[in-house]
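Worksheet: one structure, shown below.
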Amino acid sequence: MTPSKTSAGRFFEDFEVGQTIAHPTPRTITSGDRALVMALYPIRHALFSSDEFARQCGLREAPLEDFAVFHFVFGRTVPDISINAVANLGYAGVRFRRMVFVGDTISASSEVIGVKENSSGKTGIVWVRTTGVNQHQAPVIEFTRWVMVTKRHPGQRSGISQIPDIPASLAASDLETEAGLDYCRYRFAEAGETHCWSSYEAGETIDHRQGVTVEEAEHMMATRLWQNPARVHFDATLREDGRRLVYGGHVISMARALSFYGLANAQPVLGVNSGSHVGPCFAGTTIHAWSRILERCDSAAPGAASLRIRTIATNCQLADFPEQADPAVTLLDLDYWALVPTGHA
Amino acid sequence: MTPSKTSAGRFFEDFEVGQTIAHPTPRTITSGDRALVMALYPIRHALFSSDEFARQCGLREAPLEDFAVFHFVFGRTVPDISINAVANLGYAGVRFRRMVFVGDTISASSEVIGVKENSSGKTGIVWVRTTGVNQHQAPVIEFTRWVMVTKRHPGQRSGISQIPDIPASLAASDLETEAGLDYCRYRFAEAGETHCWSSYEAGETIDHRQGVTVEEAEHMMATRLWQNPARVHFDATLREDGRRLVYGGHVISMARALSFYGLANAQPVLGVNSGSHVGPCFAGTTIHAWSRILERCDSAAPGAASLRIRTIATNCQLADFPEQADPAVTLLDLDYWALVPTGHA
Amino acid sequence: MTPSKTSAGRFFEDFEVGQTIAHPTPRTITSGDRALVMALYPIRHALFSSDEFARQCGLREAPLEDFAVFHFVFGRTVPDISINAVANLGYAGVRFRRMVFVGDTISASSEVIGVKENSSGKTGIVWVRTTGVNQHQAPVIEFTRWVMVTKRHPGQRSGISQIPDIPASLAASDLETEAGLDYCRYRFAEAGETHCWSSYEAGETIDHRQGVTVEEAEHMMATRLWQNPARVHFDATLREDGRRLVYGGHVISMARALSFYGLANAQPVLGVNSGSHVGPCFAGTTIHAWSRILERCDSAAPGAASLRIRTIATNCQLADFPEQADPAVTLLDLDYWALVPTGHA
């Protein structure tokens, strides 16, 4: 008998610091992907909705929505990095380096930057730095993520512990803006809100007011679109409770889209300092979001500056910004930078 | 503390006759939108299915399906007009003025044409005339709709009552056909039925025979595609019964698609005289439809003439055309004009 | 009263051997269709995912996924062939003759090649040979299928029995490969697995390991995308058990996509020898798949050869390849040919 052609994927022991993994399945982005992203998430940010608005901002057409870029690149890494993951523990240092347009083909590779066996001896943590590139090998996104991965041989203890240094946030100099992006003639009336960069104050909180209930068909279609094959999102027989776990990125995109209300001009996202899935999400959950403005910062793009925003997604509507993350309520804690027009011309 | 950046939207008191509202969020139509419309509705009308068929009819390619144009424009108006609406009361005078093609960017504005406080003092009715334009500012659609809107200060009575004159139907001269549209070489065999304009008689009824059961994921994806953010369609925690209300336009598009059977050659829609959502629709409802031919009329397009059709959608299958609207059964009552080839060449 | 404009469709008595039926509703394929196919099925085959990978293989861009071509052509035939079908009994001789690219318009016609009244006198079997063509009238696919169709007059017995000769499998000479397709520089690393044609042995079995639970919204969106109007897939009130029957082709596409694991380089599909839906599929079913390599064969494409594969889809996870089809467990039994790169350059 020939051994099965199906791979069981990498276990904790298969990761080594310094190793670089070129992920398979390049993916060409089509206008169909743009439309599906709009159908799956309540996106209203004008930069992603209208070619005309994007042209007015110096782009050749509306780009693929930022977190869709993240999901497409993340999806490529799953078979190599997290197919045997018990949990996605967090993200950091997500830098959006170049926009992705229809016709671009995205590929990804990851470097292992940390490994640490857990004291249980059954699992370990793996840190990777992933880079997504377009068909010209130009980076479109970079991010660090860490996952808890099952060991191939749970009994054997190795004592491996190489924990990488993860900056708590991106530096202002890490934030790049697309070549040509210019907010000097930004059309606030088309974008939907009048708030500009100087309207926001550090510490200010925003109730995004909207709620959206998650459906099985929707989170599966989204996760499939990104070609993320983690079986726990698709197979209702896998967990003992018969539920499919919603891909954490689905919550990120829902929360980001809901955050339009009060942050309509916070577009595009330039980077994510850190992100964590505080509690799991299942179909039937109604996602709500609050944001807090953390910092303000300059930007190289004409007419624009940056806001550092913390967006918290919860499974119920809260009266105030949730200061303490409560795993029974909080789904997502996301700390990111977005570009905002500095003022009205 | 800075006041929240999120707007609660307009209340009844915020509308004034003569006011013009430019709606935000221009939307570029992609071929992805065309495909999603086909996946969400059982559309078989050849003009929207095939570029080759459309070219044979004088168009440069298949246009965006007519009611999708309506939904995209309607969606733009919701944040300004109906975000605090208790009910969508009706539509009238819907004129399809120009077709929308892939690459076009749609924007919308509305003029307030009527306001009337309700005797309860809690709500009022607002009438608006909405115009959708493409990137050249050329009108693609115009329609009147009226909604019942919550008052900001329910106790105070103003006695405001400016009720507009709404024609019961469009005049024949209001119906426009796309420049170049020519049905002299219309391919009946490709369209799927042999019935031409002269085959239909006023008074004739048609059982469309098909039924389609509505799903949460489908109506939400559709409503999101139109960027219609009315929360009641998405948030299962909003109504006391835990149900999400299906966007009325979803029922219009389902009924129109079902009406293919017996009306395969009634394409495109030229205008809607009136439309009302007689009863609400929820996921799980199975939509059926009957139509009656009301009138026949000439058209400026070569080889084509117009039929006035009344299509009734119900939540169960009926043995006959429903003469009386019954809110327990009827979902939609739509009175519209469609173009039909006059005869076989 | 004019007779209803709605057709009840063809019954058994309406089919005659030698008759050719030109099916209506030509369908232009857009990049939106390509994206939807990726969202609806967990497709990871690089040839359909990446324009760059496809170009490296000699194509001008990534084509429409093979079984999507089958579904689009099948969908066109339903109103004429199987709208009164009790059951889809089987497929055979499916030849993929030319790839379909974005912008192509697909039409279909069928020749009746067999009719046989059943002994009950209530139904009969109809065999058709269907050809799908593009806008240049060049064949893209051909297949034979047979369906059990209701009789218009169940009481009257005709004794009709003209059973066609259906080859058990395609001959190697029936398999065509797209002009220009060349696997001499095939990129295994991008495709995701290293197995080449010589790695596979006849008799070898592969557990595809993945499972995917079917949703109502997904199978309906897919079936609508193909414009397959068979009511039993959409209307929950039609069957006594209140369930919508999943279009059999949905199971084919799920099983094919799951078979990526272990058969990542088996792309594209060249032909289907035979296929049968052993048991029905409903929403909530979790589809799993096993494959067995049946034969190996040469191919005209440089650097490529063919594998004959039998893929069995089941409604639960099995420990071994299911030798016996069990209607309580087996959903699909598919015997097909796929192209595989012969070896590493």
Side-chain angles (χ1 to χ4, degrees), chain B residues 30-46 49-54 61-62 102 187-193 195 199-201 203-213 215-221 257 260-264 283-284 286-288 291 293 316-317, chain C residues 1-9 21-37 39-40 75-76 79-80 83 102-107 109 134-136 215-238 242 244 283:
Chain B
T30 70
S31 62
D33 296 312
R34 262 182 71 186
L36 269 161
V37 171
M38 304 294 272
L40 291 163
Y41 304 106
I43 293 167
R44 295 184 66 83
H45 290 95
S49 177
S50 167
D51 287 348
E52 302 290 330
F53 187 93
E61 66 184 32
V102 166
R187 293 177 175 163
F188 288 88
E190 292 187 356
E193 292 184 349
H195 319 308
S199 320
Y200 292 92
E201 287 175 27
E204 177 180 357
T205 59
I206 302 165
D207 178 2
H208 300 304
R209 291 169 172 260
Q210 295 273 318
V212 57
T213 306
E215 287 296 311
E216 299 282 14
E218 291 181 357
H219 79 79
M220 293 205 300
M221 286 184 68
F260 173 84
Y261 300 93
L263 288 167
T286 300
I287 301 175
H288 296 266
S291 292
I293 305 304
C316 59
Q317 191 160 19
Chain C
M1 197 67 196
T2 326
S4 173
K5 291 292 191 296
T6 326
S7 163
I21 302 168
H23 305 298
T25 323
R27 174 66 153 82
T28 301
I29 304 305
T30 70
S31 62
D33 296 312
R34 261 182 69 186
L36 269 161
V37 171
L40 291 164
R76 253 117 284 282
D80 290 313
I83 206 77
V102 166
D104 284 352
T105 298
I106 296 177
S107 301
S109 64
N134 64 19
Q135 68 277 18
H136 308 299
E215 287 295 311
E216 299 282 15
E218 291 181 357
H219 79 78
M220 293 205 300
M221 286 184 67
T223 308
R224 243 184 241 121
L225 192 70
W226 325 128
Q227 294 179 308
N228 174 339
R231 192 170 154 186
V232 73
H233 306 315
F234 299 103
D235 181 345
T237 67
L238 204 58
R244 281 160 274 184

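What you are looking at is a predicted structure, and each value in this text was computed from that prediction instead of being measured. Per chain, numbering begins at 1; letters A, B, ... match sequence-line order. Values below: every heavy atom of this structure, side chains too, minus hydrogens, waters and symmetry copies.
- At distances below 3.5 Å, at least one donor-acceptor pair connects side-chain atoms of C/Lys5 with backbone N or O atoms of B/Ser199.
- Judged by distance alone, the side chain of B/Arg34 and the main-chain N or O of C/Asp33 form no donor-acceptor pair under 3.5 Å.
- Chain C forms the most heavy-atom pairs under 4.5 Å with one residue out of B/Pro42, B/Ala217, B/Ser291, and that residue is B/Pro42.
- The shortest side-chain heavy-atom distance between C/Ser7 and B/Tyr261 does not fall under the 4.5 Å cut-off.
- Across B/Val212 and C/Arg224, no two heavy atoms sit closer than the pair CG2-NH2, 3.6 Å.
- With a threshold of 4.5 angstrom between heavy atoms, B/Tyr200 approaches chain C through its backbone and through its side chain.
- For B/Ala189, the part sitting under 4.5 Å from any heavy atom of chain C is the backbone (N, CA, C, O) and nothing else.
- There is no contact between B/Glu216 and chain C, counting heavy-atom distances below 4.5 Å.
- Checked by atom type and distance alone, the side chain of B/Thr213 pairs as donor or acceptor with a backbone atom of C/Ala236 at under 3.5 Å.
- The greatest number of non-hydrogen atom pairs below 4.5 Å with chain C, out of B/Asp207, B/Leu263, B/Thr30, B/Ile287, is found for B/Asp207.
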May I have the step-by-step check of side-chain hydrogen bond (donor to acceptor under 3.5 Å, both in side chains) for B/Ser31 and C/Ser31, ending in yes or no? CA-CA 6 Å; B/Ser31 62; C/Ser31 62; 2.8 Å; yes

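- Residue C/Thr6 holds its OG1 atom at 6.5 Å from NE2 of B/His208, rounded to the nearest 0.5 Å.
- Looking at heavy atoms from C-beta onward, B/Met221 lies in side-chain contact with C/Met221 at the 4.5 angstrom threshold.
- Side-chain N or O atoms of C/Gln227 include one that pairs as donor or acceptor with a backbone N or O of B/Ile43 at under 3.5 Å.
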Working note: B/Glu190 + C/Thr25, criterion side-chain contact (heavy atoms from CB on, under 4.5 Å); need CA distance, chi angles, decisive distance, verdict. CA-CA 5 Å; B/Glu190 292 187 356; C/Thr25 323; over 6 Å; no

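- Options C/Gly103, C/Pro24, C/Pro26 differ in how many heavy-atom pairs under 4.5 Å they form with chain B, and the most are formed by C/Pro26.
- There is no contact between C/Ala39 and chain B, counting heavy-atom distances below 4.5 Å.
- C/Thr223 does not touch chain B: none of its heavy atoms, backbone or side chain, sits under 4.5 Å away.
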Quick one: do C/Met220 and B/Glu215 satisfy side-chain contact (heavy atoms from CB on, under 4.5 Å)? Show the steps, please. CA-CA 9 Å; C/Met220 293 205 300; B/Glu215 287 296 311; 3.4 Å; yes

Does the side-chain contact (heavy atoms from CB on, under 4.5 Å) test come out yes or no for C/Leu36 and B/Met38, once each step is laid out? CA-CA 10 Å; C/Leu36 269 161; B/Met38 304 294 272; over 6 Å; no

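- Here the closest non-hydrogen pair linking B/Arg44 and C/Gly75 is NH1-O, 4.3 Å.
- Nearest approach of B/Gly211 to C/Arg231, heavy atoms of both residues: N-NE, 3.7 Å.
- A donor-acceptor pair under 3.5 Å links the side-chain atoms of C/Thr28 to the main chain of B/Asp51, judged by distance alone.
- Interface remark: of the candidates B/Glu61, B/Arg187, B/Glu52, B/His288, B/Glu52 forms the most heavy-atom pairs closer than 4.5 Å to chain C.
- When the candidates B/Gly262, B/Ser50, B/Gly192 are compared by the number of heavy-atom contacts under 4.5 Å with chain C, B/Ser50 comes out ahead.
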